Amino acid sequence: LALLQDPQALLSARVHGLLADGRLEEAFAGLPKQGQVQLKNALSNYLGPSPSGGLRIPFYRPLHALDPLYVTRRTEAHVLNQVCAGLTEFDRERACVVPALAHHWKSSADGLSWTLWLRPGLRFHDGRALTAQDASASLLRVRDTAGPHQALFAHLCAVRAEGLQLRLQLAQPDYLLLHRLAHHSAMVLPQHDWLR
């Protein structure tokens, strides 16, 4: 009996194939303890952005949803925070709302009108310029789509996008609007690329 290939090379090829297919548990299962340690050290080469344009993350269950309108779990919200951004964000260390896509804002004294200015030069991951129209469409989408977060923006009457400026008109005063804009459901997506 003559072995034409090295058993270690065959095992390595099998493990790499399982990793490429995203089958991490199977890759670990057939390895001795030392092999598992080596595999853990090599995992960083397989995680993160994939050549096909996806994102590989080890996780013990399928993700429920990644559309900001339907995310209700902390894990999915965390993933969204890594790949999307909103007009504002909440800084937990300072316990306050801070600029994100919008670098400045002001409200009318009665709290019914808000103006936000977007940072210039912002781009989506595919290189397209982020516009005030994208932000407008994202907010209107939350308001108009039935789901767990629709009530957050039910009082939003109108949104007008002009250049890098976004003007919001509310039906009732909302001095916590900046907190609402920091919620993951209000993350800005390209206006014609809604997740389905």
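Here the structure is a predicted model, which is why all the values come from computation and not from measurement. Below, all heavy atoms of this structure are taken into account, side chains as well, without hydrogens, waters or symmetry copies.
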Please find the pair of heavy atoms, one from Leu80 and one from Pro68, that lie closest to each other, and give the distance. CD1-CA, 3.7 Å
Does a donor on one side chain sit under 3.5 Å from an acceptor on the other, for Arg167 and Gln165? yes
Quick one, Asp174 with His155, criterion side-chain hydrogen bond (donor to acceptor under 3.5 Å, both in side chains). Give me CA distance, side-chain angles, the key distance, then yes/no. CA-CA 9 Å; Asp174 186 358; His155 62 316; 2.7 Å; yes
According to a 4.5 Å side-chain heavy-atom criterion applied to Ile, Leu, Val, Met, Phe, Trp and Tyr, with indirect links allowed, do Met187 and Val98 form part of one hydrophobic cluster? no
May I ask you to decide if Arg160's main-chain N or O and Ser136's side chain share a donor-acceptor pair within less than 3.5 Å? no
Counting distance only, does the side-chain N/O of His184 pair as donor-acceptor with the main-chain N or O of Val71 below 3.5 Å? yes
Evaluate the side-chain proximity of Thr131 to Leu122: yes if any heavy-atom separation is below 4.5 Å, no if none is. no
Supply the atom-to-atom distance Ser107 OG to Tyr175 OH, rounded to the nearest 0.5 angstrom. 6.5 Å
Closer than 4.0 angstrom, basic N to acidic O: yes or no for Arg141 and Asp134? no
Verify, without hydrogens or angle tests, whether Thr88 (side chain) and Leu178 (backbone) share a donor-acceptor contact under 3.5 angstrom. yes
When rounded to the nearest 0.5 angstrom, what distance separates CD in Glu76 from CG in Asp67? 12.0 Å
Which heavy atom of Gln191 sits nearest a heavy atom of Ala137, and at what distance? CB-CB, 3.5 Å
Taking the six-membered ring for Trp, are Phe90 and His179 parallel (under 30°), tilted (30 to 60°) or perpendicular (over 60°)? tilted
Return the CD to SG distance between Gln169 and Cys157, rounded to the nearest 0.5 Å. 6.5 Å
Leu176, Trp105: one ILVMFWY side-chain cluster at the under-4.5 Å cut-off? no
Any chance CZ of Arg14 has more than 12 other-residue heavy atoms, nucleotides or ligands included, within less than 6.0 Å? no
Rounded at 0.5 Å granularity, tell me how far OG1 in Thr115 sits from CG in Leu166. 8.5 Å
Would you say that Asp110 contacts Pro173 through its side chain, given a criterion of any heavy-atom pair below 4.5 Å between the two side chains? no
Do other residues, nucleotides or ligands put more than 12 heavy atoms under 6.0 Å from the NE2 atom of His103? yes
Would you give the length of the straight line joining atom CG of Leu130 to atom CZ of Arg119, rounded to the nearest 0.5 angstrom? 11.5 Å
Calculate, to the nearest 0.5 Å, the distance between atoms CG and OG belonging to Leu168 and Ser113 respectively. 9.0 Å
In one Ile/Leu/Val/Met/Phe/Trp/Tyr side-chain cluster, 4.5 Å: Leu139, Trp117: no
Would you say the side-chain atoms of Arg143 pair up with the backbone N or O of Phe153, donor to acceptor, closer than 3.5 Å? no
